[in-house]
Amino acid sequence: MPKEPDFIHDLNEQQRRAVRHGEGPLLIVAGAGSGKTRVLTYRIAYLIHQNMAAPNEILALTFTNKAAKEMQERIGQLIGEEAKRLWMGTFHSVFSKILRYEAEKIGFNSDYSIYDTEDSKNAIKQILRENNYDPKEIKPRILQRRISDAKNELINPDHYGEKFVHSTLDDITARIYKIYVERLKHNNAMDFDDLLIKPIELFNEHPDTLEKYQDRFKYIMIDEYQDTNHAQYKVTNMLASKYENLCVVGDDAQSIYSFRGADISNILDFKSDYEDAVEIPLEQNYRSTKAILKAADSIIKNNSKQLDKTLWTDNDMGDTITVLDNYDERDEANRVANYIQDLKMRKGYDYNDFAILYRTNYQSRVFEETFRRKGITYQLVGGLSFYQRKEIKDVLAYLTLLINPEDDTNLMRIINEPSRGIGQKSLSDLMNRARQTGQSLWRILENVEEADVYKPAENSVKDFVRMINSLKQQLANGRSLVEVTKQLLDESGYMKSLVEENSPKSMTRRENILELQNAISYFEKNNDNATLSSFLQEISLITDTDKYDEEKPAVTMMTVHAAKGLEFPVVFIVGLEEELFPVGSRNNEDVNIEEERRLFYVAITRAEQELFFSHCRSRYKYGEEQRKTRSRFLDEVSSDVVRTETGSSINQDKNRFSGKKNSSPNNGDTKVEYDWKKPLYDKNNRSSHTQIHYDNPDEDPFQVGAKVIHNVFGQGKIISRSGQGERTKVVVFFKERGRKTLMLRAAKMQVVG
DNA sequence: TTCCATTACGCCGCT
DNA sequence: CGTAATGGAA
């Protein structure tokens with residue numbers, strides 16, 4: 001065996017043990033900021049250096065593509081060029097590559113489409129319509145959720161019915177699930193879940209293929225193991241079962257993805273799954289001050305089950321955590337902005353040293369507005385991602401059609417986009433014919449004259465088919481992807497219709513399309529055998545955090561989920577209010593409070609030097625002002641590391657949430673009925689939610705609180721109003737029909753009493 | 001068939 | 001408040 005590499009001495013004792021561990025299962029329980037990425041990186045480099053494995057015999061599964069790329073670069077610095085041959089990436093991207101090689105074995109074509117949430121929702125909606133269900137009553141979103149959960153638990157459509165006590169919804173789900181799976185296969189398409197479960201099917205049906213990959217991946221490493229779901233567990237378990245050289249790294253305290261099926265017991269049970277597993281804890285934190293770590297610890301102690309470990313640090317005590325008590329979200333954004341500018345000036349921080357972390361994406365809006373006004377540069381990570389935008393999805397749907405004509409869902413998306421006279425009626429005629437004959441929609445279009453549809457539509461279809469075929473021809477002739485895309489934008493009339501619209505919105509869309517073209521040509525330049533298929537596959541799996549640029553001189557704004565694995569010198573955790581962080585329950589489902597607490601723990605441990613907690617006394621929701629109570633987490637945090645802005649200790653009521661549950665259906669959110677306190681921000685900047693003025697308020701009886709009777713909806717009460725004059729809208733809560741929004745000038749309704 | 005106005009509804013997180 | 005979906009008129 002070669003002499004140990006010098007880099008082994010860059011590590012502490014526990015880290016070194018993990019890196020040196022050779023064959024056999026290994027569990028690394030890595031506390032926040034304990035250098036786990038470093039351990040993974042070094043361990044891979046070490047295995048190669050010691051000739052225990054060739055680079056292409058190592059599979060490393062990370063949580064983001066960016067993490068994989070960075071790790072690969074680091075390993076490259078340690079061992080050189082051959083690091084390129086490592087198999088690294090997210091579960092989804094690695095297995096989608098494997099599926100591309102093996103697609104035929106499970107009845108797919110290697111140019112299969114990848115459906116995102118929106119695509120599969122569209123497919124489900126279409127199936128509902130075809131089976132005479134009303135998508136308004138049976139919500140595609142709900143079904144998709146159930147189907148996705150079933151897939152991740154590896155329950156196939158045939159078994160779905162058995163597993164549950166029968167309710168109507170269970171029966172419908174079972175039925176739609178079955179059709180959905182068939183439809184995706186028919187469309188040569190896979191959804192995100194399929195990328196994980198199809199490999200399992202493949203390996204079950206083809207033991208020889210399984211063995212091929214078992215032999216290829218002699219060593220397997222999985223990062224963020226606490227956030228793997230059952231399917232991910234299963235597929236890696238299969239791959240590792242021959243050599244059992246499986247190394248998993250994780251922290252049960254940071255498990256925050258149960259909503260997509262992540263199963264914390266994967267990490268908790270690792271030692272019973274692999275009896276000779278070695279467990280190594282990484283307990284020294286290199287990231288945060290003592291104060292920050294103490295805050296984190298005091299929070300997580302409130303959770304019940306945890307793997308045994310004690311996080312400690314050699315770092316300084318650091319400053320106490322400041323709690324910002326704000327009037328509302330504008331006040332909050334202003335105050336945070338002021339602190340950023342102040343810290344930047346006084347302590348020499350740069351903009352990219354700051355992060356603003358929130359529970360929900362919509363909270364970014366106020367911060368964006370405020371920061372733009374104050375000239376603070378920021379980068380927003382997440383929200384509606386670039387590749388989810390309508391115009392981008394449209395162009396990609398066109399491109400997908402060129403290589404996967406079986407894909408009815410993508411075809412449906414763009415066949416009349418921009419409108420070319422193929423309307424609802426003609427489309428459903430064509431679709432019905434496709435279903436009856438078992439052919440793809442594209443096949444029907446190619447022979448549209450046999451379909452007997454409305455003549456003008458038939459001609460449009462012929463033009464459409466001609467256009468797509470000519471683009472396919474271009475592609476086959478080896479023209480570059482950018483060229484073909486340009487031609488497509490031109491010939492489809494897509495660009496033209498955007499130009500004609502000439503609105504601010506259409507301008508942005510044109511810019512986005514331009515950016516997509518740049519992305520395509522960048523891809524072509526940087527990949528030797530860039531195909532349309534590989535491009536589409538890659539971009540459909542790009543994540544929000546993949547685009548986060550730590551060098552960019554800008555304040556980062558993102559959700560706590562997106563911040564996982566990242567670190568910042570100064571962190572603001574905002575919106576620390578009940579029903580927001582921890583989140584409020586949705587349609588009476590229980591909130592997993594322990595997971596919310598872990599999420600808060602993740603947020604705290606992103607901070608290196610300084611940390612701020614921020615909450616608002618009131619907040620706008622659906623255009624209505626809500627009173628907010630401070631998050632219970634602020635009562636749980638160790639009182640000696642938090643201070644108010646004036647430096648006094650915060651009033652904590654540790655018993656506030658213990659014992660009895662609040663029985664109010666709307667706990668935490670109450671409507672504001674009076675001005676609570678003057679806002680601290682500049683009144684001149686107060687642009688929205690001002691009072692509406694009427695010329696003759698006395699003549700307008702439709703005020704908030706008024707009881708009304710409506711011709712159709714019956715009795716109700718006005719709970720809010722918005723807009724002015726002709727555009728005045730009111731929200732009315734009707735006794736029998738619930739909440740409705742009505743145009744005052746059109747509503748057939750009178751004030752009573 | 002298309003376009004525009006009105007109404008519904010969400011705001012939990014992500015591949 | 002914002003956007004998506006729907007439904008009626010040109």
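Per the geometry, CD1 belonging to A/I422 stands 12 Å off C1' belonging to B/dT1, to the nearest Å. For A/E624 and C/dG2, the CD to P distance is 14 Å, given to the nearest whole Å. Here the P atom of nucleotide C/dT3 and the CD atom of A/E391 are 13 Å apart, to the nearest Å. Across the protein-nucleic acid pair, A/F192 atom CZ and B/dC14 atom P stand 12 Å apart, rounded to whole Å. Atom-to-atom, CG of A/D328 to P of C/dC1 comes out at 15 Å; the value is rounded to the nearest Å. Summarising the geometry, the separation between CG on A/D149 and P on B/dC14 is reported as 17 Å, rounded to the nearest angstrom. Atom CG of A/L61 is separated from atom P of B/dT15 by 16 Å (rounded to the nearest Å). One interatomic measurement links the two molecules: CD1 of A/I222 to C1' of B/dT15, which rounds to 16 Å at whole-angstrom precision.
Comparing A/L427 and A/L541, the nucleotide of DNA chain B nearest to each residue sits closer to the 5' end for A/L427. Looking at which nucleotide of DNA chain B each of A/V583 and A/F63 is closest to, the 5′-most match is held by A/V583.
The side chain to side chain contact (heavy atoms under 4.5 Å, CB included) test applied to A/Q254 returns A/A32, A/Q226, A/D251, A/Y601, A/V602, A/R606, not counting sequence neighbours. Applying the side-chain hydrogen bond (donor to acceptor under 3.5 Å, both in side chains) criterion to A/S540, with sequence neighbours excluded, gives no partner residue. Every residue two or more places apart in sequence or in another chain was checked for a salt bridge (charged side-chain N to carboxylate O under 4.0 Å, His left out) with A/D193, and none qualifies. For A/K97, there are no side-chain hydrogen bond (donor to acceptor under 3.5 Å, both in side chains) partners, not counting sequence neighbours. Applying the side-chain hydrogen bond (donor to acceptor under 3.5 Å, both in side chains) criterion to A/N229, with sequence neighbours excluded, gives A/N152. Residues meeting the side chain to side chain contact (heavy atoms under 4.5 Å, CB included) test with A/V366, sequence neighbours left out: A/E329, A/R330, A/A333, A/T370. For A/S428, the side chain to side chain contact (heavy atoms under 4.5 Å, CB included) test picks out no residue, with sequence neighbours left out. Under the salt bridge (charged side-chain N to carboxylate O under 4.0 Å, His left out) criterion, A/D149 pairs with A/R145, sequence neighbours left out. Evaluation of the side-chain hydrogen bond (donor to acceptor under 3.5 Å, both in side chains) rule for A/N187 yields A/Y115, A/T409 as partners, not counting sequence neighbours.
Using a cutoff of 4.0 Å between basic side-chain nitrogens and carboxylate oxygens, A/K390 and A/E417 are scored as salt-bridged. A salt bridge is defined here as a Lys NZ or Arg NE, NH1 or NH2 lying under 4.0 Å from an Asp or Glu carboxylate O, and A/E624 with A/K621 fails to meet this definition.
Looking at A/T117, its side chain comes within 3.5 Å of the base of B/dT15 through a donor and an acceptor atom.
Proximity of A/S540 to the phosphate of B/dT15: no side-chain N or O atom is located under 4.0 Å from OP1 or OP2. Side-chain N/O atoms of A/T543 include none lying less than 4.0 angstrom from OP1 or OP2 on B/dC14. Neither OP1 nor OP2 of B/dT15 sits under 4.0 Å from any side-chain N or O of A/S93. Applying the 4.0 Å criterion to OP1 and OP2 of C/dC1, one finds that A/R365 has every side-chain N and O outside that range.
When the C1' atom is used for both B/dC12 and C/dA5, the distance is 23 Å, rounded to whole Å. Taking the C1' atom of each, B/dC11 and C/dT6 are spaced 22 Å apart, rounded to whole Å.
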Query - Test log, rule side chain to side chain contact (heavy atoms under 4.5 Å, CB included), inputs A/M557 and A/F371 - result: CA-CA 11 Å; A/M557 303 178 186; A/F371 282 33; 3.6 Å; yes

**Report entry** Worked verdict on A/R100 versus A/S533 for side chain to side chain donor-acceptor pair (under 3.5 Å)
**Finding:** CA-CA 10 Å; A/R100 238 149 73 82; A/S533 177; 2.5 Å; yes

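Comparing B/dT15, C/dA5, B/dT1 by their closest approach to the side chain of A/H92 singles out B/dT15. Which of B/dC11, B/dT15, B/dG13 sits closest to the side chain of A/Y622 comes down to B/dC11. Which of B/dC11, B/dT1, B/dG13 sits closest to the side chain of A/N361 comes down to B/dG13. Among the nucleotides B/dT1, B/dG10, B/dC11, the one closest to any side-chain atom of A/Y454 is B/dT1.
Within a heavy-atom distance below 4.0 Å of DNA chain B, no residue of residues 225-235 of chain A is found. Near DNA chain B, meaning a heavy atom under 4.0 Å away, the residues from residues 409-421 of chain A are A/N416, A/S419, A/R420, A/G421.
Among the protein residues, A/R619 comes within range of no part of the nucleic acid, since none of its heavy atoms lies under 4.0 Å from any strand. Counting any heavy atom pair closer than 4.0 Å across all strands shown, A/K125 reaches sugar-phosphate atoms only and no base atom.
Per the stacking criterion (ring centres < 5.5 Å, plane angle < 30°), A/Y257 does not stack onto the base of B/dG13.
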Using a cut-off of under 3.5 Å, enumerate the N/O to N/O pairs linking the protein to nucleotides 7-10 of chain C.
residue, atom, partner, partner atom, Å
C/dG7, OP1, A/K136, NZ, 3.4

